[in-house]
Amino acid sequence: MNFNKPGNKKAVLALLVILTIAIMFFIPIKQAVVFEYQNKGKVIAYFLIKGDRTFKIKYTHSIHLTDVVESYTITEDGRIKLFELMYEDFAIGMPENASDGETFEQKDGKYYIKNMKRFFPSFDLRLGKVRANHRMILQGEEYVLTDYIEPGTWVRIKAKKINLFEVLKGVNILGK
């Protein structure tokens, strides 16, 4: 093939542009917290991480029917760190005190475990069908997870760089 002919140069350039766009479409570039089907690794929903790397999961405890709020941050190395837990009742399934290095506080009828340093590469969650009403709190706004993910779905939550293809297929919880 003679690359000096004008038609050939345009064809090669067009091919290179198409190939570059195709490659970029599948290279992970956007840092996000993703919700995947637990056993498939397929992104269902996500929110992009920008300045604030924190998020909370709020749910109604199935036994004592009060709110529980778990506060997380995404570490520089891509892990999820649980740093605070808030709850309203010592009933079954809730801790009675803080672990080593953590602090326990009671304020306005709520219990807090702070200074937690529990790190996870990911964690699993089954979205409640009846009472749990799992919600994400992001940048001061609450998002009901079952508005984006089918109730009863077992999801894996993790920090991950996603590609443009995954961005287009999944649901952006923030809608931006």
- Item | Validation row: F35, V43 side chains within 4.5 angstrom (heavy atoms) | no

- CG of D67 to CG of D89: how many Å apart, nearest 0.5 Å? 12.0 Å

- Query: Roughly how far, to the nearest 0.5 Å, is the CD1 atom of I57 from the CG atom of L125?
  - Reply: 5.5 Å

- Message: Quick check: closest heavy atoms across P151 and G128, and the distance to 0.1 Å?
- Response: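 Heavy atoms only, the tightest pair is CB-O, 3.8 Å.
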
- Message: Once you measure the plane-to-plane angle for Y111 and F104, does it fall in the parallel (<30°), tilted (30-60°) or perpendicular (>60°) bin?
- Response: parallel

- State, with a plain yes or no, whether a side-chain heavy atom of F47 is found less than 4.5 Å away from one of F55.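 In short, these two side chains touch, coming nearer than 4.5 Å.
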
- Message: Would you say NZ of K161 has more than 12 non-hydrogen atoms from neighbouring residues, nucleotides or ligands within 6.0 angstrom?
- Response: no

- Side-chain touch M86/S71, heavy atoms, less than 4.5 angstrom: no

- In the single-linkage hydrophobic clustering (I, L, V, M, F, W, Y; side-chain heavy atoms under 4.5 Å), do I27 and L164 co-cluster? yes

- Kindly say whether L16 contributes a backbone atom to a donor-acceptor pair with the side chain of T20 at under 3.5 angstrom?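 Such a contact is found between T20 side chain and L16 backbone.
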
- Message: Hydrogens and angles aside, do Y72 and E70 bring a side-chain donor and acceptor to less than 3.5 Å of each other?
- Response: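 Side chains of Y72 and E70: pair found under 3.5 Å.
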
- Message: What's the separation between atom CZ in F120 and atom CD1 in I157, rounded to the nearest 0.5 Å?
- Response: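 One gets 11.0 Å once the value is rounded to the nearest 0.5 Å.
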
- Item | Common cluster, V34/I137, ILVMFWY with side-chain heavy-atom separation under 4.5 Å |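 No; tracing contacts between hydrophobic side chains, which count when under 4.5 Å, never links both residues.
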
- Message: Which heavy atom of P121 sits nearest to which heavy atom of K158, and what is that distance?
- Response: O-CB, 3.6 Å

- Query: Roughly how far, to the nearest 0.5 Å, is OG1 of T60 from CD of E88?
  - Reply: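 Spacing of CD (E88) from OG1 (T60) equals 9.5 Å.
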
- Might you point out which heavy atoms bring A32 and I162 nearest each other, and give the distance in Å? CB-CD1, 4.0 Å

- Message: Do F83 and T54 make a side-chain contact, defined as non-hydrogen atoms from C-beta onward lying under 4.5 Å apart?
- Response: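 Touching, per the 4.5 Å side-chain cut-off.
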
- Please check if the side chain of N172 supplies one atom and the backbone of L48 the other of a donor-acceptor pair under 3.5 Å.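 Such a contact is absent between N172 side chain and L48 backbone.
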
- Residue among K42, K160, R156 satisfying side-chain hydrogen bond (donor to acceptor under 3.5 Å, both in side chains) with E36: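 Testing E36 for a side-chain hydrogen bond (donor to acceptor under 3.5 Å, both in side chains) against K42, K160, R156 leaves exactly one candidate, K160.
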
- Item | CA sep, side-chain torsions, deciding dist, call: I29, N163, side-chain contact (heavy atoms from CB on, under 4.5 Å) | CA-CA 6 Å; I29 58 170; N163 60 43; 5.9 Å; no

- Query: Should Y37 and I44 be marked as a side-chain contact (heavy atoms from CB on, under 4.5 Å) after you check the CA-CA gap, both sets of side-chain angles, and the distance that decides it?
  - Reply: CA-CA 7 Å; Y37 287 109; I44 307 168; 3.5 Å; yes

- Item | Student check: side-chain heavy atoms of R135 and N133 closer than 4.5 Å |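 Answer yes - side chains close enough.
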
- Same hydrophobic cluster for Y59 and I173, using side-chain heavy-atom links shorter than 4.5 Å among ILVMFWY?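 As far as the 4.5 Å side-chain criterion goes, I173 and Y59 are connected within one cluster.
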
- Query: When rounded to the nearest 0.5 angstrom, what distance separates CD in E102 from CG in L85?
  - Reply: 9.0 Å

- Message: Run the salt bridge (Lys or Arg N to Asp or Glu O under 4.0 Å) test on K110 and D108 for me, step by step, so that the C-alpha distance in whole Å, both residues' side-chain angles and the decisive distance to 0.1 Å come before the verdict.
- Response: CA-CA 6 Å; K110 297 180 179 170; D108 299 327; over 6 Å; no

- Message: Do I113 and V69 land in one hydrophobic cluster if side-chain heavy atoms of ILVMFWY residues count as linked below 4.5 Å?
- Response: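 They do not share one cluster, since no chain of ILVMFWY contacts under 4.5 Å joins I113 to V69.
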
- Message: Could you measure the distance from the CD atom of Q38 to the CH2 atom of W154? Nearest 0.5 Å is fine.
- Response: 4.0 Å

- Query: Does Y87 reach the side chain of T66, with side-chain heavy atoms less than 4.5 Å apart?
  - Reply: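 No, every pair of side-chain atoms sits at 4.5 Å or beyond.
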
- Look at the side chain of R79 and the backbone N and O of I74, then say whether any donor-acceptor pair between them is shorter than 3.5 Å. no

- Side-chain touch K81/K117, heavy atoms, less than 4.5 angstrom: yes

- Item | pair H134-T146: side-chain heavy atoms closer than 4.5 Å |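 No, their side chains stay 4.5 Å or more apart.
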
- State, to 0.1 Å, how close S99 and R118 come at their nearest heavy-atom pair, and which atoms those are.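 Closest approach of S99 to R118: OG-NH2, 3.4 Å.
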
- Task: Could you state whether M136 and V171 fall into the same hydrophobic cluster, counting links through intermediate Ile, Leu, Val, Met, Phe, Trp or Tyr residues with side-chain heavy atoms under 4.5 angstrom apart?
- Result: yes

